[in-house]
Amino acid sequence: MAPPKKTKAMGLDYEQQRQENIKRNRERIASILHQKSQLASLLSPPKANKNPINKRTKKPNPPLTTLRRSLRSRGLPPPDSTSTSTRTSPSFPRVPTGQFSFTDAFVDSGSYRPLVETTCWAGERTELRNIKKEVDLSLDARVELRLKKENVRKVVGERIMVVSFLPVLSRSIVISGNKQGYLGIWDADRNREDGEGVSDGLFKFFPHRSPVSGISVHPSSVRKVKSFDERAGKIIYEWELHEQRVNTIDFHPENSNLIATSSSDNFVRIWDLRCIDKDKPKSIREVSHNRAVHSAYFSPTGNSIVSTSLDDTVRIQSGPQFEYSSIIVHNNQTGRWLSKFRAIWGWNDSYMFIGNMQRAVDVISIEDNITTPLRSEYMTNIPCVFATHPYKEGHLACAGGGKLYLWTKM
DNA sequence: GTAGCTCTTAGTCGT
DNA sequence: ACGACTCCAGAGCTAC
């Protein structure tokens with residue numbers, strides 16, 4: 001999106017023009033995000049009878065959908081309070097039903113107003129500055145990242161499934177979603193600033209009754225945690241791109257026609273959305289692993305793709321047509337109670353982050369394929385899920401169990 | 001082809 | 001400190 005032209009005289013015309021630009025850009029982003037969410041929901045659930053995961057249908061347990069969603073989002077009533085499972089404590093907060101506000105889902109005592117004020121102020125500053133990522137190519141993540149004691153925070157009870165940063169320039173605000181459906185929003189800067197009162201930088205919400213599988217934030221309005229374009233209320237495309245479950249879908253950062261999919265059928269496939277045949281989809285590139293692939297992500301420039309598989313490898317595809325392959329051996333056996341490892345890119349194309357079963361963060365350098373573990377005495381969990389701050393290079397969030405860890409540049 | 005069993009494994013909570 | 005519990009993870013294998 002084009003930044004507004006800089007003029008010394010910030011007159012009314014300029015302000016109107018700026019507001020129109022913002023509005024137009026928001027509509028475009030909403031449209032793109034909506035397409036993305038539609039694709040995710042279309043591609044993820046394979047036909048139940050073909051999916052080995054869903055074979056045990058004779059069990060007396062209630063039938064499970066292949067894609068787990070909250071009862072509320074499925075339009076179903078909340079579970080009866082008398083039928084809660086044994087692990088549910090008497091103090092388990094009540095889940096708001098029907099249409100509810102963020103206030104209804106807030107489960108801490110006190111108020112989340114400090115969070116709103118912070119995100120308003122910082123979000124507007126971020127928006128006004130029309131930020132470009134300030135990437136310092138000299139950062140060596142293998143030696144320059146540190147975990148400070150105050151940057152460790154227990155945010156929720158059960159294990160965190162997904163973490164994300166709020167796209168705010170000046171602060172590190174981490175959102176985490178856990179297995180029970182909690183959202184823990186941690187303003188690590190507030191934690192350091194005052195560390196007092198009810199907030200203490202942590203704000204807990206309970207909007208879902210099932211695991212949180214994804215968090216997306218409106219890029220130009222940080223106070224929304226999702227986006228939906230109501231104008232396009234229909235399914236645009238429907239393809240069967242893999243034999244088994246699709247684990248991730250990632251858009252090329254520069255060319256939104258290109259997507260990379262990873263699947264439990266052992267394949268990574270790269271697709272050009274402009275030329276996918278409905279009956280016989282043909283990918284522009286196919287990468288084969290020996291076991292299920294749990295992620296495939298484009299690098300920040302879009303020139304490479306990293307995939308993570310249960311065959312204990314991390315594979316990098318690069319080159320003009322992603323034809324060059326590089327394989328790094330990495331232990332990805334997380335067992336039953338941990339989320340599957342997924343390598344994510346750092347702030348440039350030269351390195352990646354992935355969990356390590358010895359309670360460390362592995363940094364994999366692309367140049368020499370050397371894996372360097374980042375360790376800390378404060379790291380008491382195995383980090384499974386990661387997020388990089390979109391603006392602050394060197395700010396890396398990871399989660400293990402119900403704890404969040406914020407690594408920062410020295 | 002598919003139903004069903006086995007095995008892997010960390011974190012939390014209660015005692 | 002220790003043990004029970006998680007049971008909606010998912011791959012691999014066997015039996016039918």
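The sequence lines fix the lettering, A, B, ..., with proteins before strands; numbering per chain opens at 1.
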* Closest to the A:K154 side chain: C:dA11, B:dC13, B:dT9? -> B:dC13
* Asked: Among the nucleotides C:dG10, B:dT12, C:dA9, which one has an atom lying closest to any side-chain atom of A:K179?
  ->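 Looking only at heavy atoms from C-beta outward on A:K179, the closest nucleotide is C:dA9.
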* Plane angle bin for A:Y182 and A:F206 - parallel if under 30°, tilted between 30 and 60°, otherwise perpendicular ->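 A:F206 and A:Y182: parallel rings.
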* To do: Just say parallel, tilted or perpendicular for the rings of A:W347 and A:F353, cut-offs at 30° and 60°.
  =>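 Plane angle over 60°, so perpendicular.
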Length of the [atom1]-[atom2] vector between [X] and [N], whole Å:
X      : N      : atom1 : atom2 : value
A:N290 : C:dA11 : CG    : C1'   : 14 Å
A:F341 : C:dA11 : CZ    : C1'   : 17 Å
A:M379 : B:dA10 : CE    : P     : 14 Å
A:N332 : C:dG10 : CG    : P     : 15 Å
A:Q333 : C:dA9  : CD    : P     : 17 Å
A:E158 : B:dT12 : CD    : C1'   : 8 Å
A:D311 : C:dG12 : CG    : P     : 10 Å
A:Q244 : B:dG1  : CD    : P     : 12 Å

Classify [X] by what it touches in the nucleic acid, base, sugar-phosphate, or nothing, heavy-atom distance under 4.0 Å.
X      : value
A:G157 : sugar-phosphate
A:K403 : nothing
A:R336 : base

Identify every side-chain donor-acceptor pair in residues 294-306 of chain A under 3.5 Å, counting partners at least two apart or on other chains, and give the distances.
unit_1	atom_1	unit_2	atom_2	d
A:S295	OG	A:T308	OG1	3.3
A:S299	OG	A:G302	N	3.3
A:S299	OG	A:N303	N	3.3
A:S299	OG	A:S304	N	3.1
A:S299	OG	A:S304	O	3.4
A:S299	OG	A:D349	OD1	3.3
A:S299	OG	A:D349	OD2	2.9
A:T301	OG1	A:N303	N	3.2
A:T301	OG1	A:N303	ND2	3.1
A:T301	OG1	A:D349	OD1	3.4
A:T301	OG1	A:D349	OD2	2.3

* Structure fact -> Quick note, salt bridge (Lys or Arg N to Asp or Glu O under 4.0 Å) partners involving residues 353-372 of chain A, not counting sequence neighbours, are A:R142-A:D368
* To do: Output yes when at least one side-chain N/O atom of A:S264 is less than 4.0 Å from OP1 or OP2 of C:dA11, else no.
  =>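 For C:dA11, OP1 or OP2 has a side-chain N or O of A:S264 closer than 4.0 Å.
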* To do: On DNA chain B, check which nucleotide each of A:G335 and A:G402 is closest to and give me the residue with the more 5' one.
  => A:G335
* To do: Select from A:W337 and A:R291 the residue whose nearest nucleotide in DNA chain C is closer to the 5' end of that strand.
  =>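 Result of the comparison: A:W337.
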* May I ask you to decide whether A:D311 forms a salt bridge with A:R315, counting only side-chain N to carboxylate O separations under 4.0 Å? =>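 Salt bridge absent between A:D311 and A:R315.
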* When you compare C:dG3 with C:dC7, how far apart are their P atoms, in angstrom units rounded to a whole number? -> 22 Å
